> 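I am attaching a structure below and will ask some questions about it afterwards.
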There are 2 protein chains.
Amino acid sequence: MKTKITLKDIARELEVSISTVSKALKNSEEISRDTKEKVQAFARLYNYKPNNIAISLKNKRTKNIGVVIPDIVHHFFTTVIRGIEKYANARGYNVIVCLSEESFDKEVINMEMLANGSIDGFIMSLSSETQQKGDYNHLKEVTEQGIPVVLFDRITNEIECDKVIIDDELGAYIATKKLVEQGRKKIALITTDDYLSVSKSRTMGYKKALMETGIEVDESRILKLPTMEMDEASIKDFLENQKLDAVLCVNEIFAVYSMRLAQKNGLRIPEDVSVIGFTDGVLSKYANPSLTVVAQHGEKMGEVSAQMLIDKVESEEDEETYQTKILEPTLVIRDSIVH
Amino acid sequence: MKTKITLKDIARELEVSISTVSKALKNSEEISRDTKEKVQAFARLYNYKPNNIAISLKNKRTKNIGVVIPDIVHHFFTTVIRGIEKYANARGYNVIVCLSEESFDKEVINMEMLANGSIDGFIMSLSSETQQKGDYNHLKEVTEQGIPVVLFDRITNEIECDKVIIDDELGAYIATKKLVEQGRKKIALITTDDYLSVSKSRTMGYKKALMETGIEVDESRILKLPTMEMDEASIKDFLENQKLDAVLCVNEIFAVYSMRLAQKNGLRIPEDVSVIGFTDGVLSKYANPSLTVVAQHGEKMGEVSAQMLIDKVESEEDEETYQTKILEPTLVIRDSIVH
DNA sequence: ATGCAAAACGAAAACGGTTTCGTGTTAATA
DNA sequence: TATTAACACGAAACCGTTTTCGTTTTGCAT
């Protein structure tokens with residue numbers, strides 16, 4: 001087992017001081033040609049690589065960024081991570097992923113674990129429990145310590161920091177508008193309780209589109225599930241007890257399940273019922289029929305978040321100016337609506 | 001901005017030495033009741049938390065584990081990460097995720113980045129390019145430095161380390177056997193080139209099951225795609241040019257797409273054609289009809305990998321004994337086969 | 001030979017902890 | 001009263017770097 005070599009080892013072997021070795025490896029002007037070549041050759045030979053931890057301690061910079069998200073087994077979050085990872089890696093950063101699993105406590109614990117020097121900044125999306133409680137002290141503590149935070153998708157106005165979201169209201173709006181344009185009148189919405197920031201916005205977009213086109217909002221056509229978790233019974237109960245000609249869902253699972261239910265009841269999609277979901281995942285693409293969705297561009301969101309975070313981390317002056325970037329959702333038309 | 005407090009700060013305020021503070025916080029017997037209470041109270045008041053980096057440098061233990069995988073936007077890898085994350089977190093470890101994106105170079109770079117002190121061990125699944133090249137020097141270097149490695153799913157025999165796989169051959173075997181039992185005779189296999197360790201095993205299981213039941217293996221019924229990437233044209237070309245009564249696919253996307261193709265051509269599933277895939281993801285569950293799959297139990301695999309790694313990291317003696325854990329796949333029966 | 005500036009290098013502090021070992025004080029014992 | 005053990009604490013080394021600030025050496029002009 002050949003153990004890692006350190007500056008001290010090189011210094012001892014070459015009978016120079018540690019400082020000389022350090023400088024030689026950085027090609028410092030202070031060191032003579034001769035010595036530099038000797039040191040560099042030796043370092044290369046023994047494959048010297050500086051110890052990241054020591055450098056982190058010295059610089060107070062870890063080149064790690066902490067990502068705290070509610071769940072990883074969801075296409076949207078997965079694509080965001082990919083975006084973050086790609087961008088961060090290109091700038092020499094590593095990504096530490098922590099899952100809150102929609103739990104407030106885990107979110108707090110994870111942040112505390114990372115906030116003690118392990119990372120230079122956070123990128124996160126709030127757990128549903130956190131949004132429900134409305135308790136953001138763990139975020140406050142972190143920002144007060146000067147650790148930059150970028151919130152994406154599930155955000156809160158209570159914390160001053162950079163934010164990245166898609167225009168959820170607009171997404172629901174264009175989807176609903178599309179349905180109306182195609183002559184649909186009885187449009188249902190399957191969403192979750194309003195405490196989830198995204199659900200609230202989407203519900204608003206849905207209502208706005210209806211009102212604009214002179215269709216009365218019928219609250220009995222809106223199903224608010226307690227969480228994003230699949231609840232087949234509720235959806236079944238909801239859909240089978242009314243006559244509808246279109247369904248808008250806040251994720252793709254709800255949408256695909258709705259399609260299957262309709263089909264089982266002898267309804268044709270999209271002839272009898274149009275369906276639109278959120279999240280352009282693998283499910284939408286390969287569902288039968290393929291699902292029209294509001295694409296959230298998770299990878300882009302991840303990139304933008306990472307860029308904002310790293311820019312802030314590396315900026316010398318600590319400007320107290322924060323921005324919220326709003327990405328535009330787009331409608332991906334597939335076979336679950338007529339076209 | 002209230003900056004983090006250090007031992008030195010506490011020592012200065014309380015007019016004691018740094019050593020005393022350190023010991024007091026650890027409830028050392030050496031320190032008097034009085035002093036301990038004073039120090040602990042002060043620390044609590046100012047919310048003192050030791051700096052992880054400093055501790056890492058001292059202990060030469062980071063409590064981070066590096067996970068290097070080819071892709072994150074795949075249900076299987078996602079569930080593995082979740083398993084790793086849950087288990088590792090419970091034991092006080094953080095997870096650094098790096099994506100090789102199926103590229104050999106990225107895999108190497110990522111490992112080098114992490115191997116210089118950032119992590120205590122690796123959990124990884126090889127990129128397809130790495131398996132294709134058969135170049136494992138980056139893994140050798142790491143293990144020679146005494147950094148523990150656990151390989152999962154996409155492994156190699158060229159490296160001595162702990163490994164976790166599912167019995168891919170068995171998975172394909174039971175799936176094929178199931179199809180045969182139901183009277184299917186013309187069973188196609190859609191897989192990838194043999195350099196991918198998992199594909200090779202699955203092909204073997206498929207052939208074994210056929211031979212055991214007296215069905216001749218017809219190579220023209222085997223489609224070997226170059227990668228796991230979706231290639232609709234090839235699959236379409238392959239499926240539409242022969243009469244089949246069943247299809248086995250090495251992932252769920254190939255399988256779902258095969259179902260749609262068959263349906264478009266007027267074939268009923270499962271009456272005319274049975275389909276089985278690998279990976280029990282969201283796609284299988286919500287496809288129409290729902291897809292029978294060989295479940296790979298990714299989360300379990302992640303847990304087991306994390307446990308093996310952390311056990312090795314924390315074991316004092318460096319035993320040079322490695323084990324390979326083989327998890328049993330299970331067949332999840334759904335509507336894409338008769339039952 | 002002398003003086004001096006430039007060149008080349010080393011000592012030491014710093015980052016924030018842990019830990020070993022030494023030392024001063026107090027109290028108990030002879 | 002002298003001796004000693006227990007107690008409470010501090011100094012310093014260490015982990016592996018970087019960096020400032022001397023100090024020594026060299027070369028050159030005088």
Side-chain angles (χ1 to χ4, degrees), chain A residues 3-40 42-43 46-64 113-120 145-147, chain B residues 3-40 42-43 46-64 113-120 145-147:
Chain A
T3 173
K4 284 243 126 181
I5 194 177
T6 71
L7 286 187
K8 192 195 273 190
D9 298 327
I10 303 183
R12 190 179 349 91
E13 291 306 310
L14 263 40
E15 297 184 306
V16 292
S17 76
I18 295 180
S19 350
T20 302
V21 177
S22 175
K23 290 171 191 164
L25 290 175
K26 303 194 105 74
N27 242 315
S28 160
E29 290 301 322
E30 263 184 89
I31 307 298
S32 73
R33 219 169 208 312
D34 262 22
T35 317
K36 280 198 278 197
E37 278 171 6
K38 250 197 328 192
V39 172
Q40 288 171 6
F42 191 92
Y46 287 94
N47 193 29
Y48 169 79
K49 293 278 165 51
N51 180 305
N52 290 333
I53 299 292
I55 293 180
S56 293
L57 183 59
K58 184 98 247 282
N59 302 345
K60 301 178 145 220
R61 281 283 171 80
T62 62
K63 289 242 167 193
N64 285 157
M113 253 188 104
L114 295 180
N116 301 310
S118 300
I119 50 100
D120 295 340
Q145 281 171 32
I147 302 179
Chain B
T3 174
K4 284 242 129 182
I5 193 176
T6 71
L7 286 189
K8 194 197 274 192
D9 298 328
I10 302 183
R12 189 178 352 92
E13 291 305 310
L14 264 40
E15 297 184 306
V16 291
S17 75
I18 294 180
S19 351
T20 302
V21 177
S22 175
K23 290 171 192 163
L25 289 176
K26 303 194 105 78
N27 242 315
S28 160
E29 290 301 322
E30 259 184 276
I31 307 298
S32 73
R33 217 169 211 311
D34 262 22
T35 317
K36 279 200 277 197
E37 278 172 7
K38 250 196 328 193
V39 172
Q40 289 171 5
F42 190 92
Y46 287 94
N47 193 28
Y48 169 80
K49 293 281 166 49
N51 180 308
N52 290 333
I53 299 292
I55 293 180
S56 293
L57 182 59
K58 183 96 244 271
N59 301 348
K60 299 176 149 224
R61 282 280 173 81
T62 63
K63 289 245 170 188
N64 285 157
M113 252 187 105
L114 295 181
N116 300 310
S118 300
I119 50 99
D120 296 339
Q145 283 171 30
I147 302 179

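Every chain is numbered from 1 and lettered A, B, ... according to where its sequence line falls, protein lines coming before strand lines. Because the structure is a prediction, the values reported are computed rather than measured. For the numbers below, each heavy atom of this structure counts, side chains included, while hydrogens, waters and symmetry mates do not.
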> To check you understand the geometry: which heavy-atom pair defines the closest contact between B/G117 and B/T62, and what is its length?
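Nearest heavy atoms, B/G117 then B/T62: O-CG2, 2.9 Å.
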
> Without decimals, in angstroms, what is the distance between B/D34 CG and C/dT26 C1'?
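Taking CG of B/D34 and C1' of C/dT26, I get 15 Å after rounding.
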
> For A/K4, give me all partners under salt bridge (charged side-chain N to carboxylate O under 4.0 Å, His left out), at least two apart in sequence or on another chain.
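Checked A/K4 against salt bridge (charged side-chain N to carboxylate O under 4.0 Å, His left out); zero matches.
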
> B/K49 has an atom NZ; how far is it from atom P of C/dG16, in whole Å?
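About 17 Å, once rounded to whole Å.
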
> Could I get a table of every N or O pair under 3.5 Å where one atom is in the protein and the other is in nucleotides 23-28 of chain D?
none

> Side chain of A/K60: nearest nucleotide among C/dT18, C/dG16, D/dT17?
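So the nucleotide nearest the side chain must be C/dG16.
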
> In the 5'-to-3' direction, what one-character label does each nucleotide of nucleotides 4-13 of chain C receive under the scheme B = base within less than 4.0 Å of a protein heavy atom, S = sugar-phosphate only, - = no such atom?
----BBBBB-

> Looking at side-chain heavy atoms only, is the closest gap between A/T35 and A/T20 below 4.5 Å?
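In short, these two side chains touch, coming nearer than 4.5 Å.
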
> What is the distance, to the nearest angstrom, from the CD1 atom on A/I53 to the C1' atom on C/dG17?
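Result: 13 Å.
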
> Passes side-chain contact (heavy atoms from CB on, under 4.5 Å), B/I10 versus B/I5? Steps please.
CA-CA 7 Å; B/I10 302 183; B/I5 193 176; 3.9 Å; yes

> Tell me every residue that passes side-chain contact (heavy atoms from CB on, under 4.5 Å) with A/L57, counting only those two or more places apart in sequence or in another chain.
B/I53, B/A54, B/L57

> Can you measure A/N116 atom CG to C/dG16 atom C1' for me and round it to whole angstrom units?
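Whole-Å distance recorded here is 12 Å.
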
> Closest-nucleotide mapping onto DNA chain D: is A/N59 or B/N59 further toward the 5' terminus? I mean the 5' end.
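Final value for this comparison: B/N59.
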
> Find the distance B/K4:NZ to C/dC15:P and express it as a whole number of Å.
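Computing the B/K4:NZ to C/dC15:P distance gives 17 Å.
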
> With the side chain counted from C-beta on, respond yes when B/Q145 and A/T3 share a heavy-atom pair under 4.5 Å apart, and no when they do not.
no

> Identify, with sequence neighbours excluded, every residue that meets salt bridge (charged side-chain N to carboxylate O under 4.0 Å, His left out) alongside A/K23.
A/E30

> With a 4.5 Å limit on heavy-atom distance, are the side chains of B/V39 and B/L14 in contact?
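The answer is yes; the side chains approach within 4.5 Å.
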
> Specify the separation, in whole Å, of atom CG of B/L14 and atom C1' of D/dC9.
14 Å

> D/dT18 P sits how many Å from A/L57 CG, rounded?
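Distance, rounded to whole Å: 12 Å.
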
> Hey, is the side chain of B/Y48 poking within less than 4.0 Å of OP1 or OP2 on C/dG16, counting only N and O atoms?
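So the side-chain polar atoms of B/Y48 never come under 4.0 Å of the phosphate oxygens OP1 or OP2 of C/dG16.
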
> To the nearest Å, give me how far apart CG (A/L7) and P (D/dC14) are.
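So the two atoms are 16 Å apart, to the nearest Å.
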
> Walk me through it: do A/D9 and A/Y46 pass the test side-chain contact (heavy atoms from CB on, under 4.5 Å)?
CA-CA 10 Å; A/D9 298 327; A/Y46 287 94; over 6 Å; no

> Give a yes/no on whether any side-chain N or O of B/K8 is located under 4.0 angstrom from OP1 or OP2 of C/dA14.
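B/K8 to C/dA14 OP1/OP2: no side-chain N or O under 4.0 Å.
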
> Heavy atoms under 4.0 Å, any strand shown: does B/T6 hit a base, just sugar-phosphate, or nothing?
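Sugar-phosphate only.
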
> Between D/dT18 and A/S22, is there an OP1 or OP2 to side-chain N/O distance shorter than 4.0 Å?
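Yes, such a contact exists.
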
> Taking the side chain as C-beta and beyond, is there a heavy-atom pair between A/I119 and A/I147 under 4.5 Å?
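Sidechains of A/I147 and A/I119: in contact.
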
> Minimum heavy-atom separation for B/N52 to A/M113, with atom names?
ND2-O, 3.0 Å

> As a check on the pairing definition, encode DNA chain D in dot-bracket form, counting Watson-Crick and G-U wobble pairs whose two distances are under 3.5 Å, and using | for partners outside this strand.
||||||||||||||||||||||||||||||

> How many angstroms lie between OG in A/S19 and CD1 in A/I31, if you round to the nearest 0.5 Å?
8.0 Å

